[in-house]
2 protein chains.
Amino acid sequence: MNVRIDDTDRKILAELQRDASQSLDDIARQVGSSKTPVWNRIRKLREAGVIGQQTVMLDAEALGFEACFFVLIRTSEHEAEWQRKFLKALQDRPEVQEAHRLAGDIDYILKVRVRNARAYDAFYQALISEVRVHNVTALLSMEEIKSTVALPL
Amino acid sequence: MNVRIDDTDRKILAELQRDASQSLDDIARQVGSSKTPVWNRIRKLREAGVIGQQTVMLDAEALGFEACFFVLIRTSEHEAEWQRKFLKALQDRPEVQEAHRLAGDIDYILKVRVRNARAYDAFYQALISEVRVHNVTALLSMEEIKSTVALPL
DNA sequence: CGTGAAAGTCGTTGCCC
DNA sequence: GGGCAACGACTTTCACG
């Protein structure tokens, strides 16, 4: 699963991150190469899983998703069975955009994007009825200052 | 800046989110329409800013970005000038993937993606030397359970 | 490993309903 | 506003330096 990635690969990845809709010729010009070699590199990076899904960023507010919460979760349960159920619950809920297992005294953090505060409450009630959690703190976002998925290559 | 979005638009957006590389014909078939109307809708949605950047998801770990921190920030300063400097510092740092201003006693949350813990410390030192913050808590991600940018349309 | 050309596919436009 | 057809541009492949 490991791939050797050289400087040209990195430039190609940076360009794809910036704008995945541009043509091979454009990318080739910007990395100082030409179509075929760039195409071969992209194919290899895709097969290696370095390049994943190709998607578009949508304006959440324009589409009515006006509330974003970060949810800090502490739990006293650490058995495999509980964790399996908890993970499945998160995967199944589309309003959960991110979920991380943490080091330290907070066990999990979620990023939850919903239409409004009521929708968050519905999510919260559903979650705690599915799995036991010891302590939940919700942080409400007032303003998205910055949002990117780009890695600083 | 407001747009009327009907059911067909929503289906198109959902398809674009799922896979932005598929052809207009494919999208048209899946939403029960044909090329031209789909293309016109996409153009309008783009012009309205509902559809933003087209990008690819890269495998952060394969590219050596092995550490991800959520940073909770409290500050005692709330003047416009301080906030301007703080925002600029966040925008200028590519390792900051997300930044939100929060309601409640924590003022800001950041998501910071870096190569390793040392790189995080370098980021942290640079940040607190640029702007005064009252209290900083870093949560270290051990495992990315879920990560998506898709909205549940 | 890069180049160039060939082939098929796709985005884009204009026209008809 | 949706569908059809045509054009040009693009992706993808392959054969040659």
Side-chain angles (χ1 to χ4, degrees), chain A residues 1-65 115 148-151 153, chain B residues 1-60 62-64 148-153:
Chain A
M1 206 251 160
N2 250 351
V3 224
R4 287 209 67 73
I5 291 160
D6 67 10
D7 210 54
T8 305
D9 289 326
R10 247 181 290 273
K11 282 189 204 160
I12 293 171
L13 292 173
E15 278 306 314
L16 284 176
Q17 277 194 130
R18 199 178 57 75
D19 179 6
S21 74
Q22 64 191 314
S23 75
L24 278 177
D25 279 321
D26 287 338
I27 298 173
R29 204 172 326 112
Q30 290 184 278
V31 306
S33 182
S34 63
K35 271 169 94 140
T36 312
V38 169
W39 191 83
N40 283 322
R41 282 165 183 270
I42 290 177
R43 190 174 45 77
K44 271 182 197 143
L45 290 165
R46 247 199 278 268
E47 281 165 9
V50 177
I51 298 176
Q53 196 191 20
Q54 182 163 336
T55 189
V56 291
M57 306 297 265
L58 301 183
D59 184 331
E61 308 230 337
L63 291 161
F65 293 86
R115 300 201 163 269
T148 178
V149 291
L151 301 172
L153 299 167
Chain B
M1 208 251 160
N2 251 352
V3 225
R4 287 209 66 73
I5 290 160
D6 67 11
D7 210 54
T8 304
D9 289 327
R10 247 181 290 273
K11 283 189 203 159
I12 293 171
L13 292 173
E15 279 305 315
L16 284 177
Q17 276 195 132
R18 199 178 59 74
D19 179 8
S21 74
Q22 64 191 314
S23 74
L24 279 177
D25 280 319
D26 287 338
I27 297 173
R29 204 172 325 114
Q30 289 184 278
V31 305
S33 183
S34 62
K35 269 170 93 150
T36 313
V38 170
W39 191 82
N40 281 322
R41 283 165 181 269
I42 290 177
R43 189 174 45 78
K44 271 182 198 145
L45 290 165
R46 247 199 277 268
E47 281 165 10
V50 177
I51 298 176
Q53 196 191 20
Q54 182 163 335
T55 188
V56 291
M57 306 297 264
L58 301 183
D59 183 332
L63 292 163
T148 179
V149 292
L151 300 173
L153 300 166

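Below, chain A is the first sequence line, B the second, and so on; all start at residue 1.
In this structure, B/Q22 places its CD atom 18 Å from C1' of D/dC10, rounding to the nearest Å. Following rounding to the nearest Å, A/R43 (CZ) and C/dC1 (P) show an atom-to-atom distance of 12 Å. To the nearest angstrom, C1' of C/dG2 lies 11 Å from CZ of A/R41. Following rounding to the nearest Å, B/K44 (NZ) and C/dT12 (P) show an atom-to-atom distance of 16 Å. Put simply, CG on B/D25 is 10 Å from C1' on C/dG11, counting in whole angstrom units. If you measure from atom CG of B/N40 to atom C1' of D/dG2, you get 9 Å, rounded to the nearest angstrom. One atom, CD1 of B/I27, and another, C1' of D/dG3, lie 17 Å apart when rounded to the nearest Å. In this structure, B/R29 places its CZ atom 15 Å from C1' of D/dG3, rounding to the nearest Å.
Between the side chain of B/S34 and the base of D/dC4, no donor-acceptor pair of N or O atoms lies under 3.5 Å. No hydrogens or angles were tested; on distance alone, a donor-acceptor pair under 3.5 Å links the side chain of B/K35 to the base of C/dG11.
Considering only heavy atoms from C-beta on, B/K35 comes within 4.5 Å of B/D25 through its side chain. Proximity of B/L153 to A/F65: side-chain heavy atoms (C-beta onward) are separated by under 4.5 Å at one or more points.
Paired with A/K11 under the rule side chain to side chain contact (heavy atoms under 4.5 Å, CB included), one option of A/D7, A/L13, A/D9 passes, and it is A/D7.
Using a 4.0 Å heavy-atom cutoff across all strands shown, B/S33 reaches sugar-phosphate atoms only and no base atom.
Of the inter-residue distances, the one linking B/I51 atom CD1 with A/L58 atom CG reads 6.5 Å to the nearest 0.5 angstrom.
Picking from C/dG11, D/dG3, D/dG1 the nucleotide with the shortest atom distance to the side chain of B/P37 gives D/dG3. In the set D/dT13, D/dG1, C/dC10, the nucleotide with an atom closest to the side chain of A/T36 is D/dT13. You'll find that the side chain of A/S23 is closest to D/dC10, out of D/dC10, C/dT13, D/dT12. Counting only heavy atoms from C-beta on, B/L24 has its side chain closest to C/dG11 among D/dT13, C/dG11, D/dG2.
Checking the phosphate oxygens (OP1, OP2) of C/dT12, a side-chain nitrogen or oxygen of B/W39 falls inside 4.0 Å.
Using a cut-off of 4.0 Å between Lys/Arg side-chain N and Asp/Glu carboxylate O, B/R18 and B/E15 are scored as salt-bridged.
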